[in-house]
Participant: 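If you scroll down you'll find the structure; I have some questions about it.
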Amino acid sequence: MSVFKELQERGLIAQMTHPEEIQKLLENEKVTFYIGFDPTADSLHVGHFLQMVVMAHMQRAGHLPIALMGGGTAMVGDPSGRSDMRSMMSEEAIAYNVSRFKKQFERFLDFSDGKAIMVNNADWLMNLKYIPFLRDVGVHFSVNRMLAAECFKSRLEKGLSFIEFNYMLMQSYDFLKLNEDYGCILQLGGDDQWSNIIGGIELVRRSKGREVYGMTFTLLTTSDGRKMGKTQSGAVWLDPEKTPPYDFYQYWRNVDDADVIRCIKMLTFVPLTEIAKLETLEGSELNRAKELLAYEVTKLVHGKETADKVSAAAAAVFSQGTSDNMPSTAISADSVNAGISLLDIMLTAGLIPSKGEGRRLIVQGGVTVNDKRVDDPNLIIDSSYFENGEMIIRKGKKVYHKIMIK
RNA sequence: GGAGGGGUUCCCGAGUGGCCAAAGGGGGCAGACUGUAAAUCUGUUGUCGACGACUUCGAUGGUUCGAAUCCAUCUCCCUCCA
């Protein structure tokens with residue numbers, strides 16, 4: 001099956017500028033394409049991951065990916081799909097974020113032997129001269145049309161500053177630049193990038209008379225339309241320091257029934273024929289699909305070894321209530337011997353954000369210690385609660401945590 | 001630069017001198033039901049040495065026995081005009 005068909009059947013493709021031409025190109029030629037990533041945080045997240053999966057599909061099919069780090073565009077801020085202005089980021093923060101992005105990318109795409117290229121648009125955007133830029137690039141943009149673009153729509157009601165209005169020109173110029181330097185003829189991106197991608201295509205056509213193409217991918221949303229990859233504590237990050245692999249695994253293990261199959265299609269390389277079998281699963285059988293999803297995604301992001309470990313840990317925790325590899329916290333023997341409150345332990349283990357929250361949790365029957373429900377908010381823990389130096393705290397139904405004496 | 005409107009707790013949004021730790025909704029968390037799902041129902045949702053105390057309503061200062069509410073200055077945002 002061609003990549004094009006593959007992407008299509010996985011439900012990844014949202015919009016295309018030239019459906020027939022793109023399909024033909026991808027099936028007959030080696031295509032150089034790019035996706036831009038603005039370093040607005042110090043780690044990539046699930047939304048980026050989807051883009052990387054697409055790049056990997058393309059790379060496997062023999063096409064040449066350019067991963068564009070938006071060190072320059074992040075200085076401006078993309079207003080697409082946002083209801084308010086991005087806060088300005090310092091140059092140092094952006095440079096640092098770029099370095100983090102690069103690390104994560106190198107693990108995911110194969111950059112050996114020129115099989116993929118990484119560039120940073122700070123290298124050309126930062127040195128642009130205003131007047132020449134306006135004369136060479138600015139002339140090709142119609143403000144009338146820009147104002148009509150979907151990406152500015154919500155901002156025209158709420159307010160849009162000139163700097164953000166320029167974002168489209170920056171991104172369009174990237175495409176032109178990559179077309180000239182690398183022969184890049186295809187830009188991919190999330191569906192929210194449609195307007196920006198069109199901008200680049202028109203710029204290349206008008207200034208160089210060359211036809212280039214664009215294609216966007218379905219945004220990863222839940223069945224009820226919310227963005228996936230968000231939790232109460234923020235985004236689900238690919239950086240294990242920011243989102244521990246165990247939590248990462250659990251996130252996918254707990255997706256809604258309605259989202260599992262779509263996620264497997266979009267985020268893993270599980271063959272479509274395999275997925276077809278999973279689609280027949282119903283009811284509690286879907287748990288098997290969720291386990292597969294969680295395992296596969298964790299494997300892609302954190303490696304097989306980690307995926308094996310955390311999936312085994314999760315399975316053990318939910319069947320036996322304990323595992324060697326479950327999340328754990330060590331506390332000093334002194335504090336246990338002296339008697340330490342359960343609330344303090346939970347606080348240091350990061351199970352609760354405050355003691356008030358912890359009290360409420362206990363009063364409502366949401367905490368168990370060694371499988372016994374706790375009803376006293378002021379419970380003092382001493383060595384009698386530990387067996388072989390271990391104690392298990394469970395918060396709610398799903399959060400298990402082991403306390404060890406060090 | 002001129003005129004007007006506005007910044008409230010995680011978000012939206014009430015509140016215009018004491019009854020305000022602040023309505024309502026969303027979201028979150030927990031309980032019940034379940035399949036580590038959804039829906040539904042219930043409880044809860046500033047912090048702490050917790051029938052009490054402390055800190056919050058853009059910032060700072062002031063008026064008052066008492067301020068989210070009144071005054072002054074500052075700051076940011078929006079709308080219209082230039």
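Any value given below was found using the heavy atoms of this structure, including those in side chains, with hydrogens, waters and symmetry copies removed. Proteins get letters first, then strands, A, B, ... in listed order; numbering begins at 1 in each.
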Participant: Let me have a per-nucleotide readout for nucleotides 40-47 of chain B, 5' to 3', with B, S or -, counting only protein heavy atoms under 4.0 Å.
Facilitator: ---BS--S

Participant: Walk me through whether A:Arg205 and A:Glu211 qualify under side chain to side chain contact (heavy atoms under 4.5 Å, CB included).
Facilitator: CA-CA 6 Å; A:Arg205 184 193 304 132; A:Glu211 196 62 65; 3.4 Å; yes

Participant: Given B:rG35, B:rU36, B:rU34, identify the nucleotide with an atom nearest to the side chain of A:Asp257.
Facilitator: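 The answer is B:rG35.
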
Participant: Who does B:rU47 pair with, Watson-Crick or G-U, both distances under 3.5 Å?
Facilitator: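 Partner of B:rU47: B:rA53.
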
Participant: Look at the side-chain N and O atoms of A:Lys398 and state whether any lies under 4.0 Å from the OP1 or OP2 oxygen of B:rA37.
Facilitator: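 Answer is yes, contact under 4.0 Å.
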
Participant: For the side chain of A:Asp256, starting at C-beta, report the closest nucleotide among B:rA38, B:rG35, B:rC29.
Facilitator: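 Comparing B:rA38, B:rG35, B:rC29 against the side chain of A:Asp256, the answer is B:rA38.
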
Participant: Measure the distance from CD1 on A:Ile352 to P on B:rA30 and round it to the nearest whole Å.
Facilitator: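 Atom CD1 in A:Ile352 sits about 13 Å away from atom P in B:rA30.
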
Participant: Which whole number of Å gives the distance between the P atom of B:rC70 and that of B:rU55?
Facilitator: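 Nearest-Å result for B:rC70 against B:rU55 at atom P: 23 Å.
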
Participant: Quick one: do the A:Gln193 and A:Asn196 side chains pair a donor with an acceptor below 3.5 Å?
Facilitator: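 There is such a pair (donor and acceptor under 3.5 Å, judged by atom type) between the side chains of A:Gln193 and A:Asn196.
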
Participant: For RNA chain B, whose closest nucleotide is more 5', that of A:Arg373 or that of A:Phe318?
Facilitator: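 Taking each residue's closest nucleotide, the earlier one in sequence belongs to A:Arg373.
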
Participant: Side chain of A:Arg359 only, please: which of B:rA37, B:rG49, B:rU36 is the nearest?
Facilitator: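 Closest of the options to the side chain of A:Arg359: B:rG49.
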
Participant: The side chain of A:Lys397 is closest to which nucleotide in this list: B:rC33, B:rG35, B:rU36?
Facilitator: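 Looking only at heavy atoms from C-beta outward on A:Lys397, the closest nucleotide is B:rC33.
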
Participant: Which value, in whole Å, describes the distance between the P atoms of nucleotides B:rA30 and B:rA22?
Facilitator: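 Result for the P pair: 24 Å, nearest Å.
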
Participant: Between A:Arg360 and A:Glu357, does at least one N-O distance fall below 4.0 Å, as a salt bridge requires?
Facilitator: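 Here A:Arg360 pairs with A:Glu357 in a salt bridge, since their nearest N and O are under 4.0 Å apart.
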
Participant: When the C1' atoms of B:rC54 and B:rG49 are considered, how many whole Å apart are they?
Facilitator: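 To the nearest whole Å, 12 Å.
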
Participant: Between P on B:rA38 and CG on A:Asn287, what's the gap in Å once rounded to a whole number?
Facilitator: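 My rounded result for the distance is 11 Å.
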
Participant: Any donor-acceptor pair under 3.5 Å between the side chain of A:Asn254 and the base of B:rU36?
Facilitator: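 Yes, the side chain and the base share a sub-3.5 Å donor-acceptor pair.
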
Participant: Between A:Phe133 and A:Tyr173, is the ring centroid distance below 6.0 Å?
Facilitator: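 Yes.
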
Participant: Do you see a donor-acceptor pair shorter than 3.5 Å between the side chains of A:His401 and A:Thr329?
Facilitator: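 Note: A:His401 and A:Thr329 side chains meet the donor-acceptor criterion.
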
Participant: Answer yes if the side chains of A:Ser323 and A:Asn325 hold a donor-acceptor pair under 3.5 Å, and no otherwise.
Facilitator: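 Not at all, the side chains of A:Ser323 and A:Asn325 share no donor-acceptor pair under 3.5 Å.
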
Participant: In whole Å, measure the gap between the C1' atoms of B:rU16 and B:rC51 for me.
Facilitator: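 One C1' to the other, the span is 32 Å.
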
